[in-house]
Asks: 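Here you go, one structure.
Reminder, nothing fancy here: chain letters follow the sequence lines and each chain counts from 1.
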Amino acid sequence: MQDNPSIQFDDQRLAKRQQLLEEGISLYPHEYKRSHTIDSIRTQFCEAGHDPSSEVISTAGRLYGVRDHGKTFFADLRDETGRIQLYIRKDALPEGKFQTFKNCIERGDIIGVTGRVFKTKVGEISIFVDDLTLLTKTLCSLPEKFHGLTNLEKRYRQRYLDLIVNEESRDTFRTRSRIISLLRNYLTNDGFLEFETPTLQPLYGGANARPFTTFHNALGQKLYLRIAPELYLKRLVVGGFEKVFEVAKNFRNEDIDTSHNPEFSMVEIYQAYADYQDMMRLTESVISSIIVNITGGVEVSFEENPISYKAPWQVMTMEDAVRTIGGVDIFAHDIDSLRKIGNEKGVEGIEETSSLREMLVLFFEALVEDKLIQPTFITDFPVENSPLAKSHRVKEGYVERFELFIAGMEIANGFSELNDPLDQMHRFEGQEEKRRLGDEEAQMHDYDFVNALGYGMPPTGGVGIGIDRLVMLITGNSSIKEVILFPSMKREQVTPETDNEAVPSDDENA
RNA sequence: GGGUCUGUAGCUUAGUCGGUAGAGCGGCGGACUCUUAAUCCGCAGGCCAGGGGUUCGAGUCCCUUCAGGCCCGCCA
């Protein structure tokens, strides 16, 4: 049983399992009827006295601490709703049960109990156990009761174990689930329809990023995992759905760090007849409503910084942000003097840049981004960086685009969507040119999308909000791995035949 | 990709100048009928991440591989 090194079964637990089998006790029964969850026991019996209740209840959960007192035990039982103490007496259980419990049931096992509720001498609401049933025998031993499981790698790789022993981790993911639910409710209540668009795409688009590649055997065709749902959602707006959104997993073939996971969650929202100003207001409203619902207030601290989500949030053009926060008035200089200033301030990539607008972006990234702690919308991006955004209505060379920054992280990105099919075609051509010059992140020319615009997309505003980062902000976690249940990790044991497999396997369809 | 730190029992860890691997929790055996990190007595459990080297002798020093954390780069 133990010859496979990746199996963590405990020999002593296996022995107990064997003993239980020999006693004819079912290790994995099929169901258990509960009269109460632990939380509902606490609610109903909050006034319990020292004498056990007349009402008999049944509940179930996992055993945590077990305190052996000879002919009695105290034990902690937990279900999803909470924790309650069990008081187990030899003389109260059916004949033989106590011995079986003592010998073969232990911390980590899942049991059901029937009993009556009372308050112990020291005032803790407990269940006086009349009978107990093993519901699941655990073969792996649990981490230590006091320090718990702190090894980060183990917590991420074996998240189930992290969830079993670390209440804070369970809280984080409970909050994550609520955030997504609040987001959906907000949008659907506001008349948005939720759709699912393809994850497997023959062309990828909607962002600048390198994709994951895969292969469809029957079609004999390369496919990409989407880097964004954008181009499909806009096709829906062309089709006549005026308010749409998708909670999408996106996949980008990039390195992993504390704010990037190769697969990440984003909500993309599109609204016909709206522009980027409307989408900023929507973004502000969605996020602050979630914050209020989760925290009851408008302020949440992140990495020592109290962050106020009280609307309205600050709005600055990129140019103003670089001037006031970065201390450089880009358009008061020529390229050469900007190169000099940039070198002094440690701005990177300025040597190969030849336009003031591109300089603006580089200065912004280097000098401003990580200083935007309070929620701040940065608006009016250079057209070169935004092939899917509509040209600015008054500022030549810019697009109507915004990004939301909080705690130095980019949280959202939105714009007045480009709906001029010819302009879109030219922008794609520009991207193709960049691809030819070796830019692996430039976008692909999606002719069908251009055709869709050819049938007419109303003026439309769109925004994408990064869900993982939003959860980080709300739950106070500095690492994205803490808010993704199963973050991407490198495989531990490399098996030769599956490692370094060529990407699209051309031999399979030969 | 670069820098840096880490990897010792199921978990949390100690390990000095290189000299036979130490503990707590958990487990097992024993005592205990209101404890809650229960307590008390005893026992078992280790290829010190893997490989190589230096040395009479390596958990400790050197090289290397693997995995992870943090920072930087790349990137939303």
Asks: Using whole Å, report how far CZ of R89(A) lies from C1' of C34(B).
Replies: 9 Å

Asks: CD1 of I127(A) versus P of U35(B): gap in Å, rounded?
Replies: 19 Å

Asks: Who does A67(B) pair with, Watson-Crick or G-U, both distances under 3.5 Å?
Replies: U6(B)

Asks: Using 4.0 Å as the upper bound for N to carboxylate O, is an ion pair formed by D76(A) and R67(A)?
Replies: yes

Asks: Does R159(A) count as lying over the ring of F486(A), i.e. NZ or CZ under 6.0 Å from the six-ring centre, within 45 degrees of the axis?
Replies: no

Asks: Look at the side chain of H260(A) and the base of C75(B), then say whether one donor and one acceptor between them are separated by less than 3.5 Å.
Replies: yes

Asks: Paired with C74(B): which nucleotide, if any, by Watson-Crick or G-U wobble criteria at under 3.5 Å for both distances?
Replies: none

Asks: Listing time: all N or O pairs from protein to nucleotides 69-71 of chain B that are below 3.5 Å?
Replies:
unit_1	atom_1	unit_2	atom_2	d
G69(B)	OP1	K481(A)	NZ	2.9

Asks: Can you tell me the distance, in whole Å, between the CG atom of N151(A) and the P atom of G7(B)?
Replies: 11 Å

Asks: Just compare G68(B), U36(B), G73(B) and give me whichever is closest to any side-chain atom of E348(A).
Replies: G73(B)

Asks: Any side-chain N or O of K145(A) below 4.0 angstrom from OP1/OP2 of U36(B)?
Replies: no

Asks: Taking only N and O in the side chain of R67(A), is any of them less than 4.0 Å away from OP1 or OP2 of U39(B)?
Replies: no

Asks: Can you tell me if N343(A) uses its side chain to pair, donor with acceptor, with the backbone of R339(A) under 3.5 Å?
Replies: yes

Asks: Is D130(A) salt-bridged to R116(A), cutoff N-O under 4.0 Å?
Replies: yes

Asks: Side chain of H50(A): nearest nucleotide among C75(B), C34(B), C11(B)?
Replies: C34(B)

Asks: Can you tell me which nucleotide in U35(B), C11(B), C34(B) comes closest to the side chain of F118(A)?
Replies: C34(B)

Asks: Does E344(A), at its CD atom, have more than 12 non-hydrogen atoms belonging to other residues, nucleotides or ligands within less than 6.0 Å?
Replies: yes

Asks: Are any of the side-chain nitrogens in E263(A) or K249(A) under 4.0 Å away from the carboxylate oxygens of its partner?
Replies: yes

Asks: Please determine whether ring-ring contact (aromatic ring centres under 6.0 Å, His included) holds for the pair F212(A) and Y224(A), giving the CA-CA distance in whole Å, both sets of side-chain angles, and the decisive distance to 0.1 Å.
Replies: CA-CA 6 Å; F212(A) 286 91; Y224(A) 303 97; over 10 Å; no

Asks: Can you see if the side chain of K154(A) gets near the phosphate of C11(B) - specifically, an N or O under 4.0 Å from OP1 or OP2?
Replies: yes

Asks: Looking at the side chain of K16(A), which of A38(B), G27(B), C32(B) is the nearest nucleotide?
Replies: G27(B)

Asks: Can you check the E144(A) CD to A9(B) P distance for me, whole Å?
Replies: 14 Å

Asks: Look through every strand shown and name the nucleotide pairing with G42(B) as Watson-Crick or G-U wobble, where both distances are under 3.5 Å.
Replies: C28(B)

Asks: Want to settle it: does E365(A) or S488(A) sit nearer the 5' end of RNA chain B, counting the closest nucleotide to each?
Replies: S488(A)

Asks: Under a 4.0 Å N-O cut-off, is there an ion pair linking E482(A) with R155(A)?
Replies: yes

Asks: For the pair made of CZ in F9(A) and P in G26(B), what is the distance, rounded to whole Å?
Replies: 23 Å

Asks: Would you indicate which nucleotide in C11(B), G73(B), C34(B) comes nearest to any side-chain atom of D255(A)?
Replies: G73(B)

Asks: Can you find an N or O donor on one side and an acceptor on the other, under 3.5 Å apart, linking the side chain of T150(A) with the base of U12(B)?
Replies: no

Asks: Which residue lies toward the 5' end of RNA chain B, S141(A) or V122(A), if each is placed at its nearest nucleotide?
Replies: S141(A)

